[in-house]
Amino acid sequence: MGVRKRKFYIEYKFMGKKLIKLMDTSFRDGFQSVYGARVFVDDFIPALKSAVEAGIRHFEVAGGARFQSPIFYCNENAFETMDKIRAAVGPDINLQSLSRGVNVVGLDSQPRDVIDLHAKMFKKHGVTTVRNFDALNDVNNLLYSSQCIKKHGLKHEVTITMMELPIGCTGAHDVEFYERVLRSILDAGIEFDSLAFKDASGTSAPRKVFETIKRTREILGADADIRFHSHETAGTGLSAYLAALEGGANCIDLSMKPVSGGTAQPDIVSMWHALKGTEYDLDIDVERILKTEEIFKECMKDYFLPPEALAVNPMIISSPLPGGALTANTQMLRDNNLMDKFPEIVSAMKEVVEKGGFGTSVTPVSQFYFQQAFNNVMFGKWKKIAEGYGKMVLGYFGKTPCTPDPEVVKIAEEQLGLQPTTETVVDLNDKDPNKGLEVAKKRLEDANLPVNDENLFISAACKEKGILFLQGKGTIGVRKNEPAKEAPSTASSDSNEYTVTINGKKYAIALDGNKAKVNGKDYDFSVKEGIEAKGTSSGEGTPVKAALPGNVLKVLVSEGDTIEEGDVIAVVEAMKMENSVVAPEDGTVASIVVAVGDSFEAGATLASLN
């Protein structure tokens with residue numbers, strides 16, 4: 001900045017302007033809201049460096065879906081991506097992560113030892129501030145996580161989650177409700193450095209935002225840092241930000257093109273423009289920001305930009321779906337050729353939210369809502385309770401703001417075989433023999449993997465998929481634009497690489513002499529003219545078919561095993577839900593046609609029984 005320009009800048013600051021603290025969410029929530037968090041770290045480092053050079057000093061870069069997604073979809077170690085980010089920005093930049101209270105960075109809740117390890121590892125790998133929230137606004141779920149965050153030398157941004165209730169509903173998510181949550185935080189003695197209001201669905205009415213933050217400023221006083229976070233999904237994001245500032249917020253979250261607007265946060269430049277002529281100032285060099293956005297767009301030019309990520313969707317007002325969950329789920333729907341079901345699923349969310357107790361639609365609860373709406377569309381209303389949704393209405397994730405629908409609670413009890421509980425989540429999890437660092441350690445040892453803190457946390461947070469990644473069996477699910485290809489010639493080809501689809505399942509086959517590599521595994525093979533012996537046809541025995549497309553996490557039987565009706569044959573994942581594939585009848589396992597790590601389509605035969 002030149003001397004004359006700098007002099008004007010200093011004089012301008014002393015003319016009564018209120019400096020608004022900006023956090024750039026492009027490299028976490030922006031990615032999650034637009035690309036489903038499926039982004040390779042090396043692709044965006046040049047834009048991150050440019051943003052630092054442009055003067056931005058606070059970034060959200062980790063946590064949320066940006067822990068599991070690098071592992072699940074990018075075949076990248078999330079801790080190594082965090083190290084690369086810290087190296088790129090230098091030691092003085094404030095790097096923030098997002099933590100889901102007792103769930104830390106996953107959909108499932110964790111015991112105390114995993115929650116503590118989360119704070120320890122994120123501090124080790126370059127994070128300086130953790131935004132910590134609970135989707136149910138159950139303050140009990142923030143107590144231990146907040147202690148761990150402060151214990152390991154991190155700044156703590158305690159968070160109250162917001163949304164608008166579906167049209168015609170009342171009982172929570174009004175100004176009085178948020179004040180009760182705030183006073184519960186204060187009464188509990190939770191130590192925090194700043195307080196955020198996080199509206200992941202972008203549905204809160206601007207006037208409610210104003211009144212909520214005005215009351216919060218009155219309670220916390222003039223010196224507290226109060227931050228507002230929202231999305232443009234419902235079309236009212238920028239209005240809500242202006243209302244938040246008028247109410248007394250002094251910190252806001254903004255993003256940059258190509259991951260701003262639509263399902264993401266308002267754009268930095270758009271906000272700068274909206275504040276012209278007001279008493280507020282973002283303290284940015286807008287020309288440098290515009291230059292950085294051009295660099296950022298160049299970095300991301302090859303990535304598929306979902307059209308729904310750019311759109312305002314008024315339907316979200318009644319069926320609150322966060323930007324980060326919206327595109328993450330549409331990416332999975334595209335992966336599984338189910339995108340045509342998206343409007344119906346969004347419509348079904350209204351009833352799911354109403355009957356679920358009004359937990360805020362932010363991960364993990366937003367995913368529970370989406371999964372249950374998905375099941376209601378695919379299998380019929382309440383015919384199949386999603387495990388996360390069922391456990392939530394039964395109390396296994398804490399106390400919902402309102403009492404869930406009694407009939408849905410009863411159905412969840414019957415389908416999941418669980419009783420309702422009011423026990424504290426961390427106490428439940430500490431007693432759970434299937435959770436904790438000892439279980440994570442056993443997974444590593446069984447897979448002959450090194451036992452260290454990083455691997456322990458990956459094992460605990462990502463379970464079987466984390467183990468597959470650490471074994472070098474990770475897969476790539478990043479969606480980039482494919483260059484146009486010439487139509488394949490019908491003439492004979494020397495290529496000996498093929499994609500073969502059998503029973504709806506795709507096999508990648510490469511032939512080399514008498515060796516065949518099938519989905520990465522080597523086999524001996526030979527070919528002979530004519531049919532020498534008849535093999536088992538797909539019509540023999542009873543086929544065990546996949547109801548939905550997905551991936552195989554575990555195969556629990558072998559060919560020749562005698563099993564009974566209801567025995568679990570395999571555990572598969574579909575739409576972030578683990579499902580057991582069970583035997584439809586008594587019999588003997590005639591064939592297993594899938595292996596761990598395989599993908600399959602709906603209707604594919606996974607096994608057959610005699």
Side-chain angles (χ1 to χ4, degrees), residues 63-64 67-68 97-123 127 130-154 156-161 181 184-192 198 356-357 359-360 362-368 387-401 404 412 416 418-443 453 456-463 466 578:
F67 187 84
Q68 288 186 334
S97 72
L98 183 69
S99 176
R100 301 159 179 161
V102 291
N103 293 62
V104 289
V105 291
L107 295 186
D108 200 5
S109 58
Q110 298 289 356
R112 286 179 171 87
D113 55 0
V114 177
I115 294 170
D116 183 68
L117 184 60
H118 161 259
K120 178 182 177 183
M121 288 295 94
F122 275 56
K123 170 67 174 179
V127 167
V130 175
R131 172 176 291 168
N132 188 32
F133 73 90
D134 179 64
L136 301 182
N137 282 310
D138 184 344
V139 173
N140 285 325
N141 288 340
L142 298 174
L143 289 171
Y144 187 71
S145 55
S146 66
Q147 293 168 12
C148 296
I149 289 166
K150 296 303 293 182
K151 166 187 167 184
H152 289 287
L154 293 154
H156 180 218
E157 184 165 273
V158 73
T159 303
I160 297 172
T161 57
V181 177
S184 294
I185 290 170
L186 298 174
D187 291 345
I190 292 175
E191 186 180 354
F192 59 90
K198 178 178 173 64
T360 313
V362 59
T363 308
V365 168
S366 57
Q367 195 63 30
F368 300 159
E387 183 180 8
Y389 185 85
K391 285 185 171 181
M392 178 185 72
V393 300
L394 291 172
Y396 286 84
F397 288 97
K399 181 177 172 58
T400 54
L416 300 183
L418 295 170
Q419 293 298 310
T421 182
T422 57
E423 192 170 355
T424 302
V425 176
V426 285
D427 290 339
L428 280 169
N429 291 340
D430 281 349
K431 294 185 293 187
D432 190 332
N434 298 312
K435 293 184 176 182
L437 294 183
E438 283 303 313
V439 177
K441 180 180 178 183
K442 187 175 187 305
R443 282 197 204 101
D453 283 346
L456 279 169
F457 188 77
I458 290 171
S459 173
C462 303
K463 300 180 181 176
E578 288 190 14

J.: Do the non-hydrogen side-chain atoms of D116 and H152 ever get within less than 4.5 Å of each other?
T.: yes
J.: Within a strict 4.5 Å, meaning less than it, do heavy atoms of the V158 and N132 side chains meet?
T.: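 They are not in side-chain contact.
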J.: Could you go through the side chain to side chain contact (heavy atoms under 4.5 Å, CB included) check for F122 and I149 one step at a time?
T.: CA-CA 9 Å; F122 275 56; I149 289 166; over 6 Å; no
J.: Do I190 and L143 come close enough that some side-chain heavy atom pair is under 4.5 Å?
T.: yes
J.: If you apply the rule side chain to side chain contact (heavy atoms under 4.5 Å, CB included), what do you find for V114 with K435, and how did you get there?
T.: CA-CA 9 Å; V114 177; K435 293 184 176 182; over 6 Å; no
J.: Are Y396 and T421 close enough that some pair of their side-chain heavy atoms sits under 4.5 Å apart?
T.: yes
J.: Could you give the distance from CD (Q147) to CZ (R112), rounded to the nearest 0.5 Å?
T.: 8.5 Å
J.: Do S109 and N429 have a side chain donor and acceptor closer than 3.5 Å?
T.: yes
J.: Does any non-hydrogen side-chain atom of T363 lie less than 4.5 Å from one of L107?
T.: yes
J.: Side-chain contact test, heavy atoms from C-beta onward, threshold under 4.5 Å: evaluate it for H118 versus Q110 and give yes or no.
T.: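 When only atoms from C-beta onward are counted, Q110 and H118 do not touch, as no gap falls below 4.5 Å.
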J.: With a 4.0 Å cut-off, would you call D108 and R100 a salt bridge?
T.: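 Not counted as a salt bridge, because no side-chain N and carboxylate O are separated by less than 4.0 Å.
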J.: Would you say that E438 contacts D113 through its side chain, given a criterion of any heavy-atom pair below 4.5 Å between the two side chains?
T.: no
J.: Side-chain contact, heavy-atom cut-off 4.5 Å: K441 with L456?
T.: yes
J.: If you count every heavy atom of other residues, nucleotides or ligands that lies below 6.0 Å from K120 atom NZ, does the total exceed 12?
T.: no
J.: F457 vs F67 aromatic rings, parallel, tilted or perpendicular, using cut-offs 30° and 60°?
T.: perpendicular
